[in-house]
Amino acid sequence: MKNTIANLRKQNNMTQVELANIVNVSRQTIISVESGRYNPSIRLAYDIAKVFNKYIEDIFDFTIPPEEDEFEWKK
Amino acid sequence: MKEINNKFRFFVTVFSIGIVFLILGIIDSNSTVIGFGITAPALSLIKIIQFASLKKDKEKAKEYITLLKDERYKFINAKAYSATFWCSLYIEFFALCILSLIGFQLLASVLGCAFSLKLVVYLLFNIYFSKKY
């Protein structure tokens, strides 16, 4: 899931370690969330949003890409 | 710190049990028991050293405890457990097919029972968790 955590962190002069310590996760988790490889739980997403004083939907991109219609090729 | 102390005590216990097995294996000249008596203490000794050093370093201990409770870490472990379970099922299935083809019927039957039991247990847990959640 795309997100703006890295930008928000840099705007607030915060390192990944500092953010990880605040929300009580490991630095690897923050790295994975920022790169979009790992989708955080709602609790973690809320905690991260609270750190930057934003809403979850302002940080995470919930736009689901249109999936390929599995029967499209049969048409 | 409590988690680290508990794990330290656990691995000290495993180490001790391993040593007992080693002694019994040597007395009984049982290579299987000796094998366990060497492997268990060796692996637990590594963990004992790790946890002993964590007990001395509070910063690293804090990092370790954070990692244990980390949701991504739990997610990865759950995925690894699931993948291991399904891989072992496939391996057992192919092994029992091959064993029955080459004439080891008894081994194939035992493996087939273990394979079937795993599937039944999986289905039961699936039903249970479907109702629970």
Side-chain angles (χ1 to χ4, degrees), chain A residues 1-68 70-71, chain B residues 1-11 14 43-90 122 125-133:
Chain A
M1 204 189 313
K2 287 183 187 171
N3 58 80
T4 56
I5 297 172
N7 287 338
L8 286 166
R9 222 183 7 90
K10 283 163 192 169
Q11 282 168 20
N12 289 273
N13 291 323
M14 200 185 284
T15 63
Q16 286 173 334
V17 173
E18 285 166 354
L19 179 59
N21 287 337
I22 294 168
V23 296
N24 245 338
V25 294
S26 65
R27 189 177 77 99
Q28 291 93 330
T29 300
I30 297 295
I31 293 168
S32 291
V33 171
E34 282 184 4
S35 64
R37 279 185 296 133
Y38 173 71
N39 291 335
S41 66
I42 196 150
R43 181 75 227 195
L44 179 58
Y46 172 77
D47 287 344
I48 292 172
K50 206 170 152 192
V51 168
F52 299 114
N53 218 10
K54 298 239 179 229
Y55 293 115
I56 293 177
E57 55 267 36
D58 293 335
I59 297 179
F60 294 94
D61 181 8
F62 289 97
T63 311
I64 301 168
E67 284 179 9
E68 278 185 27
E70 62 181 271
F71 298 112
Chain B
M1 209 57 175
K2 191 179 161 189
E3 293 99 332
I4 292 173
N5 285 335
N6 287 342
K7 283 184 182 279
F8 182 81
R9 270 185 242 122
F10 171 76
F11 284 109
V14 169
L43 292 174
S44 52
L45 187 62
I46 296 166
K47 290 305 230 178
I48 287 168
I49 294 167
Q50 179 196 6
F51 287 115
S53 70
L54 280 177
K55 280 169 85 171
K56 289 176 189 171
D57 190 338
K58 285 196 175 173
E59 275 300 313
K60 283 199 171 168
K62 193 185 163 198
E63 270 177 35
Y64 179 78
I65 291 166
T66 304
L67 186 67
L68 282 183
K69 295 175 182 172
D70 185 64
E71 64 172 56
R72 180 178 156 270
Y73 180 76
K74 289 179 188 174
F75 172 78
I76 289 167
N77 273 338
K79 282 239 168 205
Y81 288 141
S82 175
T84 305
F85 170 73
W86 288 107
C87 279
S88 71
L89 274 185
Y90 284 124
Y122 169 77
F125 270 121
N126 211 312
I127 293 166
Y128 169 73
F129 286 121
S130 299
K131 289 191 187 302
K132 190 177 178 187
Y133 297 108

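A note on names: the letters A, B, ... follow the listed sequences, proteins ahead of strands, and every chain is numbered from 1. Note: hydrogens, waters and symmetry copies are ignored here, and every other heavy atom, side chains too, is used.
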- [ ] Anything in residues 22-32 of chain A with a heavy-atom distance to chain B below 4.5 Å? Please list those residues in order.
- [x]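 Hits under 4.5 Å: A/Asn24, A/Val25, A/Ser26, A/Gln28, A/Thr29, A/Ser32.
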
TODO: Residue by residue, scan residues 7-19 of chain A and write down, ordered by number, those that have a heavy-atom distance under 4.5 Å to chain B; if none do, write 'none'.
DONE: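 From residues 7-19 of chain A, none sit under 4.5 Å of chain B.
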
Open item on the list: If you count every heavy atom of other residues, nucleotides or ligands that lies below 6.0 Å from A/Glu57 atom CD, does the total exceed 12?
Closed with: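 For A/Glu57, atom CD is crowded (more than 12 foreign heavy atoms under 6.0 Å).
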
Open item on the list: Looking at B/Phe85, I want to see if its CZ is surrounded by more than 12 non-hydrogen atoms of other residues, nucleotides or ligands under 6.0 Å.
Closed with: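 Result for CZ/B/Phe85: enclosed.
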
TODO: For chain A, find its close neighbours in residues 68-78 of chain B: heavy-atom separation under 4.5 Å, sorted by number, or none.
DONE: B/Asp70, B/Glu71, B/Arg72, B/Phe75

Task: Members of residues 126-133 of chain B whose heavy atoms come closer than 4.5 Å to chain A - done: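 If one takes a 4.5 Å heavy-atom cut-off, no residue of residues 126-133 of chain B lies near chain A.
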
